[in-house]
Number of protein chains: 2
Amino acid sequence: MNDTFKALADGTRRQIIQLLKEKDMTAGEIAEHFNISKPSISHHLNLLKRAEIVIDERKGQFIYYSLNTTVFQDLVGWFLQFKDGTKGGEEK
Amino acid sequence: MNDTFKALADGTRRQIIQLLKEKDMTAGEIAEHFNISKPSISHHLNLLKRAEIVIDERKGQFIYYSLNTTVFQDLVGWFLQFKDGTKGGEEK
DNA sequence: TAGACGTTTAGAAAATCTTCTAAATAAAGT
DNA sequence: ACTTTATTTAGAAGATTTTCTAAACGTCTA
């Protein structure tokens, strides 16, 4: 869970996620959308991978990245625990 | 949004949120739950405040902190945008 | 108004994160 | 085998974050 939140804490990484929502992309294709060196993008992708937010698959020369949305389910669950908390004692 | 994700990226802050889910607490009361100095806790509370995740209200000598769950609504919305994305072209 | 208590502000040290350049790895084509 | 293209790994510089101690602020009570 900590890796997940850490991964989401960076704007570039969130933008990457948005890109991958549209379609799977290669590392280079992703990098083209940013003003950042390829190694930096590679590093961000690595963090997203460790957080299991993205999955990578090599296809010959290219490595394709895609979103693993199941993690978001857990996240939504985490946030939903705060819904309507009646502050401990549960009234009456 | 960035402040929000940044605020959630720290384990101590997430624990504070969990505490406040149970009941409103003073800064000192919160600090008792951690092995961290009060100024550090104060700093974390400040970040949570700027992210509008918590609200503070002075009551005489004490300052009470409480959760503002409306922000979590937005967060859930953010995550839900990834639900079942048919990858751009929409099937067919 | 002096003292005590709860909390924050200031400023600095230490840890972590982001980014870079240079070099390595991997697959494909010639 | 060598070259080209796609991407990652290594190592370091710079920026941001976390934490600390010391000092200040705000409120209450004697």
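The chains referred to below are lettered A, B, ... by the order of the sequence lines, with proteins before strands, and numbering in each begins at 1.
- Remark: the B:Gln61 side chain and the C:dC5 base include a donor-acceptor N/O pair separated by less than 3.5 Å.
- Residue B:Lys6 is the one, among B:Gly60 and B:Lys6, whose nearest nucleotide of DNA chain D lies closer to the 5' end (criterion: closest heavy atom).
- Note: CZ (A:Arg14) to C1' (C:dT18) measures 14 Å, nearest angstrom.
- Put simply, the side chain of B:Phe82 reaches to within 4.5 Å of the side chain of A:Ile17, judged on heavy atoms.
- Put simply, B:Arg13 has a side-chain N or O that comes within less than 4.0 Å of OP1 or OP2 on D:dT18.
- Counting to the nearest Å, the P atom of D:dT18 and the CG atom of A:Asn2 are 11 Å from each other.
- For A:Asn2, the side chain to side chain donor-acceptor pair (under 3.5 Å) partners two or more places apart in sequence, or in a different chain, are B:Arg14.
- One atom, CD1 of B:Ile41, and another, C1' of C:dT8, lie 13 Å apart when rounded to the nearest Å.
- Here C:dT16 presents its P atom at 12 Å from CG of B:Asp10, a figure rounded to the nearest Å.
- Residue B:Ser37 has no polar side-chain atom (N or O) positioned under 4.0 Å from OP1 or OP2 of D:dT19.
- Taking atom NZ of residue B:Lys38 and atom C1' of nucleotide D:dA24, one finds them 16 Å apart after rounding to whole Å.
- Taking for each of A:Lys59 and A:Leu47 the nucleotide of DNA chain C with the nearest heavy atom, the 5'-most of the two is the partner of A:Leu47.
- Here the nucleotide nearest the side chain of B:Pro39, chosen from D:dT9, D:dT18, D:dT21, is D:dT21.
- Judged as a ring-ring contact (aromatic ring centres under 6.0 Å, His included), the pairs with a partner in residues 1-28 of chain B (not counting sequence neighbours) are, in order, B:Phe5-B:Trp78.
- With rounding to whole Å, A:Asn46 atom CG is found 13 Å from C:dT18 atom P.
- OP1 or OP2 of C:dC20 has at least one side-chain nitrogen or oxygen of A:Ser40 nearer than 4.0 Å.
- Of the options B:Thr70, B:Asn68, B:Thr4, a side-chain contact (heavy atoms from CB on, under 4.5 Å) to B:Glu52 is made by B:Asn68 and by none of the others.
- Residue-level contact check: A:His43 touches the bases, meaning some heavy atom is under 4.0 Å from a base atom.
- Which of D:dT21, D:dT18, C:dT7 sits closest to the side chain of B:Phe62 comes down to C:dT7.
- Put simply, the side chain of A:Val54 reaches to within 4.5 Å of the side chain of A:Leu67, judged on heavy atoms.
- Here the P atom of nucleotide D:dT7 and the NZ atom of A:Lys49 are 12 Å apart, to the nearest Å.
- At a threshold of 4.0 angstrom between heavy atoms, the contacts of B:Tyr65 are confined to the sugar-phosphate backbone, with no base atom among them.
- Side chain of A:Ile63, nearest nucleotide from D:dT19, D:dT8, C:dT8: D:dT8.
- For the pair A:Thr26 and D:dT7, the criterion of a side-chain N or O lying under 4.0 Å from OP1 or OP2 is met.
- Put simply, CZ on A:Phe34 is 13 Å from P on C:dT18, counting in whole angstrom units.
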